[in-house]
Amino acid sequence: MDADTQFNVMMRGSVPVVQIIGDLDHYSTPEFRSVISELIQQGHKTIIVDMSAADFMDSSGMSGIIFAAKRLSAIDGHLSLANCNLRTTRKLSIGGLTKMPDLMILYPSVEEALEHVREIQGKPST
Amino acid sequence: MDRREQLVGAISPGSKSALELLGFLQHLSQDTAEGNLARVVDAAVELPVKHLRVDKSVLLCCPAPGKSYFPLAFRNVSHPFLENCHLLSGDDILDWAAINQSLKVVDDLPSLSTPSAGIYALEHVRSLACIPVVAQGETLAVLLYMCCSPVSFTIWELEVMNTIANHVAAVSRLKQADEERTPPQIGPLLVRLREALWTSTDLDELLNRTLREALTLMQADSGSIILHEARGCRVAATYGLSESISRELHRVKDTVYAHVIASQKPVLLHGAADAQEYPGAIPRPEIVSAMSVPLRGRRSLLGVLNINRSRAGRIFNDADLAFATSHIAQPLVMTIENLKLHEATKAQTRYLRDMYEIARTITSTLELDAVLNMIMNRLRALIVSDVCGLLLYDNETGRLNVACGYGIPDGTESDYAELMMIAGKLSPSRMRPLVIPDLSAHHLYRHPPAAEKLGLRSAVTVPLTIKRKRVGFLTAYRHEPRGFPRETVKLLIGMAELAAIAIENARLYERQLGIANLTQRLLSPSAIEPIPGFEVGCKYAPAYQVGGDYYDLIELDRHRFAIVIADVAGKDVSAARHIAMCKHSLRATAEHIASPAELLHKMNRLIYDNTEPEAFISMFYAILDTESKTLLYSLAGHEPGLLLRAHTGRIEYISTPGILLGVLPNATFFERRTSIKVGDILLLYTDGLTTALSSDGDTGLSKLESALMERPSKTAQELANNIHKLATSRRTSRPPDDIAIVALKGV
């Protein structure tokens, strides 16, 4: 149990990148959900979640990711997950979530996620 | 030879006691040189009682001819004596000593017929020595040293008494000369007074400093500030007064300041003549002029400022009084009120901080035992109490039971119950706390035996209420009487309110959890029905009281059995609700749907429409045909089944692509068929198992495969048990997850 999971939100241009530092589990998922809700409330339709420092994700954590994906999908938005580790990728893959581009797309890095997002938004890549 | 006679022998020049006495006399000389009138006067009555054969002493100031004597300082004399000192005027012995300015000794007082015999009899005086205090040819006072047995003072003792009298005379002269030498400059002194008013946030310290500056400003040599507080009058600051006077100041009735408090008007006094109007006052004839100024606050009287001057010839007038009122009393009132406001604000902040801390701690958990433990810990930290206990009503029996407590050494539940039953005697409608300042004097709770045994003197009990209903009591005891001041009771009330809510929440949560547990017990298969030609082994281990995994076996017809294993997101009551929904829907529909993919499609829609947006379920659903020995299966975001083939010794993954149930409204699912022959083992499980076996860089699947391959000869149940044991024996820092395992073996 890591009660001290942190959620850092950094703006990359107009796209918010939520970095999860610690475990995404039963204890930290409620906060993750409120971070996502707040960003959506601020008008963001595209959110990148950086999982590079998220060591572990349980089924509660996965419900948080599904929550974010569904909320964004409902407003024609998009969720990108970057830097998922092997265990997380496997979990998402078994859940059948990696083959649903309307819900979420996994990227090997934040940069690649950003690049794709900019393409979707029709802005020139920098 | 009695002890007193031994002492007589000891107190002679050169003895140890005499040397000690000489040491004190040396201090006295120093005090005299420094002009410390208060200390010299105090020593004048103290030293002979301690070091000579004197039992009682009093320093009586000499009045003007025809006026009464006033005690200035005293030791071991009673109030009746002090109150009747004025009757000593005309006493042969005192008058003789004062007028002749010579010491007078009486060895056997009862044998003399003196008009004041009755007063001396009050103190059982048998012999005495009377020494005049003479300065510049004028008798200022008389030192009266009294003994309760017939004593003949030695020359040496009388010499010591005389020396003391000379010191008193000398210090009176010194003070007078000093004051006349340096006329004060009012401007800078006023600045110093203003500065003193801002020097401290400690009320008494500030008043003492201010009083000193005020006395300098008014060219006065002694004074006091008496505060009129809720519990009575209190001497907050004194200067230039002997200790005995300072101590007695606020106790005596009919004093000048008592008059000022009653009338709220200032009083000017000139000499002893005016002082006689206030018979309760402790007479101090050295004071030639005095003023008592009321300290009037915005709403009430805060106290009295007393200023005394003992310099002959210079008396206070109305102008002085007006000056003291406007330049000292008024700024002083403002400062006292500000400080009281500051104190009140500080106390309120402290209260709020404590309440926040209590709320934060006791609402951080929903487990009743933990909540009770935290309440006790906060009580220990914030409230000074020697014994404390919490009583709660049993919801079913309505009886009051001890929930927790501390403070009774090796105390059992019945010890606490006996002590806490003070609460049980309260009227059922009482919602307010009951404070018992002194158990030995209370009409209803006098000397409860348990409290008396522990030496407890004061108590408080606060009802815990929810929506005007009492749920319990918080009771605390202290060894001291009046051990629970108003602030403590206020904090206890706040704490009781929060504790009641936290306890009620924990009880509700326990009830809810109980329902969820019951639900899950009803949901889990109690026993697996045997399947012809197959062995089935199952293991279910929820990580918490309510689990999120489940499995089931449903007989569809004589040779077809549905096998299902699922994992619901979350580990709370809503997870149990989702499982219930899943299980009943499956049982109702399974026999009508021959296709696992179609069944999952229908389940997906059901879950999508009837749960929260973030809810999902992973599921493995299969139909086992015992005749054809085939398995038709479909997966919805679930871990792949592992099928160990007996004839090859290799493992096949049993899986189909498919998203978790409840994520998308129109998800598509696929199905496949495989055979299960004799000796083949199918292992189905939830992700709690792979998570428990995983480590950094490893999904846990390879460990599971190895475990399966190592134990093919075991029964299905042994296999399920062994794999579960393997997973739970690993040390991990992560919280455990639910684990469900179903093993199926062809036989």
Side-chain angles (χ1 to χ4, degrees), chain A residues 1-5 22-37 40 51-75 77 79 84-104, chain B residues 364 543-544 548-549 567-572 574-575 578 600 604 608 611-620 635-640 653 655-665 667-670 686-688 690-691 693-701 732-738:
Chain A
M1 171 174 31
D2 186 357
D4 298 315
T5 302
D23 295 348
L24 189 60
D25 58 13
H26 183 65
Y27 301 96
S28 59
T29 300
E31 196 185 340
F32 175 73
R33 280 209 294 265
S34 45
V35 169
I36 296 294
S37 298
I40 291 171
M51 306 283 282
S52 56
D55 301 332
F56 174 78
M57 180 182 77
D58 67 0
S59 63
S60 300
M62 195 144 84
S63 79
I65 298 287
I66 289 171
F67 168 83
K70 277 184 160 181
R71 285 284 306 270
L72 286 167
S73 163
I75 53 166
L79 176 72
C84 290
N85 67 19
L86 182 68
R87 278 187 295 186
T88 307
T89 308
R90 178 173 183 272
K91 217 163 188 131
L92 293 167
S93 164
I94 286 176
L97 299 168
T98 51
K99 288 170 187 158
M100 295 288 158
D102 288 347
L103 272 181
M104 67 184 83
Chain B
S364 65
Y544 298 96
D549 290 358
D567 183 354
V568 178
K571 300 171 177 62
D572 50 18
S574 73
H578 295 163
L600 288 187
N604 178 59
Y608 185 86
T611 60
E612 303 79 18
E614 65 272 28
F616 66 81
I617 297 173
S618 78
M619 189 180 283
F620 183 110
L635 280 80
H638 198 83
E639 292 272 351
Y653 285 6
S655 182
T656 59
I659 193 167
L660 296 159
L661 301 178
V663 176
L664 292 177
T668 309
F669 299 93
F670 302 91
T686 52
D687 68 352
T690 37
T691 304
L693 292 169
S694 72
S695 52
D696 287 334
D698 176 46
T699 59
L701 204 57
T732 167
S733 59
R734 304 204 180 285
D737 198 359
D738 306 327

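Every chain is numbered from 1, with letters handed out A, B, ... down the list of sequences. Hydrogens, waters and symmetry mates are skipped; everything else that's a heavy atom, side chains included, is used.
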Apply side chain to side chain contact (heavy atoms under 4.5 Å, CB included) to residues Thr29(A) and Glu614(B) and explain how you reach the verdict. CA-CA 11 Å; Thr29(A) 300; Glu614(B) 65 272 28; over 6 Å; no
Chain A contact via Leu701(B) - side chain, backbone, both or neither, heavy atoms under 4.5 Å: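 Answer is side chain: those atoms of Leu701(B) sit under 4.5 Å from chain A.
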Is chain A contacted by the side chain of Ser655(B), its backbone, both, or neither, given a heavy-atom distance below 4.5 Å? neither
Can you tell if the side chain of [X] reaches within under 4.5 Å of the side chain of [Y], non-hydrogen atoms only?
X	Y	answer
Arg87(A)	Thr690(B)	no
Phe616(B)	Met62(A)	yes
Lys91(A)	Thr691(B)	yes
Asp58(A)	Asp687(B)	no

Return the OG to CD1 distance between Ser59(A) and Ile617(B), rounded to the nearest 0.5 Å.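 Between atom OG of Ser59(A) and atom CD1 of Ile617(B) there are 11.5 Å.
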Out of Thr98(A), Ile65(A), Asp102(A), Leu86(A), which one racks up the most heavy-atom pairs below 4.5 Å with chain B? Leu86(A)
Run the salt bridge (Lys or Arg N to Asp or Glu O under 4.0 Å) test on Lys70(A) and Glu612(B) for me, step by step, so that the C-alpha distance in whole Å, both residues' side-chain angles and the decisive distance to 0.1 Å come before the verdict. CA-CA 11 Å; Lys70(A) 277 184 160 181; Glu612(B) 303 79 18; over 6 Å; no
If I measure from the heavy atoms of chain B, does Met100(A) come under 4.5 Å with its side chain, its backbone, both, or neither? side chain
Considering only heavy atoms, which portion of Arg33(A) lies under 4.5 Å from any heavy atom of chain B: side chain, backbone, both, or neither?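 Looking at Arg33(A), just its side chain touches chain B.
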Exercise: identify the closest heavy-atom pair between Ile94(A) and His638(B):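 Reported closest heavy-atom pair: CG2-O, 3.1 Å.
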